Amino acid sequence: MRKFAQFAINRPASIIILMAAIIIIGLMNLSRLPTDLMPEMDLPYAAVITSYTGAGPEEVEDQVTKSIENAVGTVANIDTIMSTSSANSSMVLIAFNYGTNMDAAMANMRDKISMVESYLPDGADKPQVLKMDLNSMPVISLSITGKDLSLAQLQTIAEDKIEPRLSRISGVASVTITGGREREVKVAVDPIKAENYGLTLSQVASFLSAENYNMSTGSITYGERKYFARSLQEFESLDDIGNVALTTATGNKIPLKDIADISEDYKETEQITRTNGLATVGIHCQKETDANTVETCTDVKEEMEKIKSELKGNVDVQIVMDQSDYINKSIDSTAKTLVEGAILAVLIILLFLRNIRSTLIIGISIPLSIIATFIVMFYTGSTLNTITL
């Protein structure tokens, strides 16, 4: 340190050039530092979620939850296992010890669960293994409404015109739509008529599945080209469904419409999205793990303005939640506190030293050290957040 101090005294021009270089490089790196609320964290939590439609809580616990608990219980570094069994679903929450390699733990969990999948009941879906991640929460949520537009029409607009555009934005991992109404085809089988023909519901379902498919039928080589062929036999109208031929117990053929009423309706509403008391369609965007929250939210808002102008005012878009706004306010507040702290430190030093020159030297070193830190933050991949500030 003595040699460095002697060098600074003997070479003031070199020190000034060095300080200028630090300030220029530091400010350049500051402008390119990504902004976020918190640093990237690897939470030691995971969950296994399994759907079992039509089953009660006790049935779910006996046939699904206990099997999954026994499977994941052999994974290393587990601290606590908690489970919740409810109607139609099972959730097992696993807390690992801090410092556990979550990527390796997740792979180990998937291997263990794959070994017990065959023992689960036939009606149970494949268990989903999820890692708890702060980035899985939406960074921006929007709601859309429209004059003389139903929720079904808004759902169509969101699926066809908004979701594809937002999904293509760099930094957006996925887009979720909530609150709309989706169309579905309902086949109401008359049990008396079906019984008269010797047909069961499972047989009717099998006939429908066999008549509605899209499958590969091989390939054809013609010269130097190779063509892949597919057999397309998907239902395109209600009449196609009604004309599906059913084989009765006596071997005769009857159309499905003879024993069932076929109609197009909406799915049962399981989720309602409201904005200011009005039913709306919600659009929620999740960002990629390494994406910048502020830039992603800004890009989403700019793209929504373009989409809104293309829809010619038929749809009204409101921002319900925007993490970037909160992050900017939080960062500005922290930066303001940082500046106030530096000023107070200089004033207190001046009060004790009663020397303008010494105080000026310390006053210059405070912002210089902070600017130099921005250089280190940029090249280490850190973000500008409340913790790093």
Side-chain angles (χ1 to χ4, degrees), residues 36-38 47 49 51-54 57 84 86-91 93 125 128 130 132-169 171-186 263-288 291 293-330:
D36 219 328
L37 181 62
M38 299 291 289
I49 301 174
S51 298
Y52 187 10
T53 305
T84 301
S86 57
N88 303 322
S89 67
S90 164
M91 183 177 72
L93 181 65
D125 295 337
Q128 294 183 340
L130 307 173
M132 296 299 174
D133 188 0
L134 295 177
N135 293 324
S136 62
M137 298 296 292
V139 295
I140 183 170
S141 295
L142 312 166
S143 69
I144 60 172
T145 56
K147 295 180 181 179
D148 303 324
L149 293 178
S150 64
L151 289 177
Q153 291 172 314
L154 291 173
Q155 175 85 10
T156 302
I157 293 173
E159 290 178 346
D160 297 342
K161 298 183 179 180
I162 298 178
E163 190 271 340
R165 296 270 294 271
L166 297 184
S167 298
R168 291 196 295 265
I169 295 176
V172 175
S174 63
V175 179
T176 306
I177 300 173
T178 61
R181 301 200 68 184
E182 297 182 38
R183 291 186 175 274
E184 69 173 0
V185 175
K186 294 184 177 181
S263 61
E264 186 176 0
D265 203 346
Y266 296 105
K267 289 184 179 180
E268 183 180 353
T269 302
E270 297 180 350
Q271 186 181 54
I272 298 175
T273 301
R274 296 185 184 275
T275 303
N276 297 327
L278 299 176
T280 61
V281 171
I283 300 173
H284 316 278
C285 301
Q286 290 83 29
K287 76 179 185 71
E288 296 175 351
T293 302
V294 176
E295 292 179 358
T296 302
C297 292
T298 301
D299 292 341
V300 169
K301 287 184 285 188
E302 290 177 354
E303 188 65 26
M304 281 304 304
E305 287 297 324
K306 296 179 183 177
I307 297 173
K308 186 177 177 181
S309 63
E310 293 173 5
L311 295 175
K312 299 178 181 179
N314 294 328
V315 174
D316 181 39
V317 180
Q318 295 185 45
I319 299 176
V320 179
M321 185 273 295
D322 183 3
Q323 277 195 20
S324 66
D325 185 49
Y326 176 74
I327 291 172
N328 288 329
K329 290 180 180 178
S330 178

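A quick note: this is a predicted structure, and the numbers were derived from the prediction, not measured. Starting from 1, each residue takes its place in the sequence as its number. Any value given below was found using the heavy atoms of this structure, including those in side chains, with hydrogens, waters and symmetry copies removed.
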Problem - Residues L166, V300; criterion side chain to side chain contact (heavy atoms under 4.5 Å, CB included); working and verdict - result: CA-CA 7 Å; L166 297 184; V300 169; 4.2 Å; yes

Exercise for the section: Check step by step if side chain to side chain contact (heavy atoms under 4.5 Å, CB included) holds for T275 and V320. Expected result: CA-CA 8 Å; T275 303; V320 179; 4.2 Å; yes

Handout entry: Verdict with supporting geometry, T145 and V315, side chain to side chain contact (heavy atoms under 4.5 Å, CB included)
Key = CA-CA 6 Å; T145 56; V315 174; over 6 Å; no

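With contacts defined as side-chain heavy-atom distances shorter than 4.5 Å, the pair Q323/V294 does not qualify. Contact check for I157 versus L149: side-chain heavy atoms found under the 4.5 Å cut-off. The shortest distance between side-chain heavy atoms of I144 and D316 does not fall below 4.5 Å. Between I140 and M321 there is no side-chain heavy-atom pair separated by less than 4.5 Å. Annotation: side chain of T280 is not in contact with side chain of L154 (no heavy-atom distance under 4.5 Å). Side-chain contact between Q155 and L151: absent, with no pair of heavy atoms (C-beta onward) separated by less than 4.5 Å.
With hydrogens and angles ignored, the 3.5 Å screen pairs no side-chain donor or acceptor of S167 with any backbone N or O of P164. Put simply, the side chain of S90 never gets that close to the backbone of S86: no donor and acceptor are under 3.5 Å apart.
Rounded to the nearest 0.5 Å, atoms CD (E305) and NZ (K308) are 6.0 Å apart. Distance check, rounded to the nearest 0.5 Å: NZ of K287 to OG of S324 gives 12.0 Å. Residue T53 holds its OG1 atom at 6.0 Å from CG of D125, rounded to the nearest 0.5 Å. Expressed to the nearest 0.5 Å, how far CE of M91 lies from CG of L130 amounts to 10.5 Å. How far CD1 of I169 is from SG of C297: 10.0 Å, rounded to the nearest 0.5 Å. Atom OG of S51 is separated from atom CG of N88 by 8.0 Å, given to the nearest 0.5 angstrom.
By the salt bridge (charged side-chain N to carboxylate O under 4.0 Å, His left out) test, D299 is found to be paired with no residue, residues two or more places apart in sequence or in another chain being considered. When the salt bridge (charged side-chain N to carboxylate O under 4.0 Å, His left out) test is applied to E303, the partners found at least two apart in sequence or on another chain are R165.
With T293 as reference, I327 is the one residue of D322, T298, I327 to meet the side-chain contact (heavy atoms from CB on, under 4.5 Å) rule.
The minimum heavy-atom distance linking V281 with A158 is given by the pair CG1-CB, 4.1 Å. For the pair N276 and Q318, the tightest heavy-atom approach, listed with the atom from each and the gap, is ND2-OE1, 3.6 Å.
Applying the 6.0 Å contact sphere to NZ of K161 captures no more than 12 heavy atoms from other residues, nucleotides or ligands.
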Name each donor-acceptor pair under 3.5 Å that joins a side chain in residues 172-180 to protein atoms two or more places apart or in another chain, with its distance.
{"from": "S174", "atom 1": "OG", "to": "Q286", "atom 2": "OE1", "distance (Å)": "2.6"}
{"from": "T178", "atom 1": "OG1", "to": "T273", "atom 2": "OG1", "distance (Å)": "3.0"}
{"from": "T178", "atom 1": "OG1", "to": "H284", "atom 2": "NE2", "distance (Å)": "2.9"}

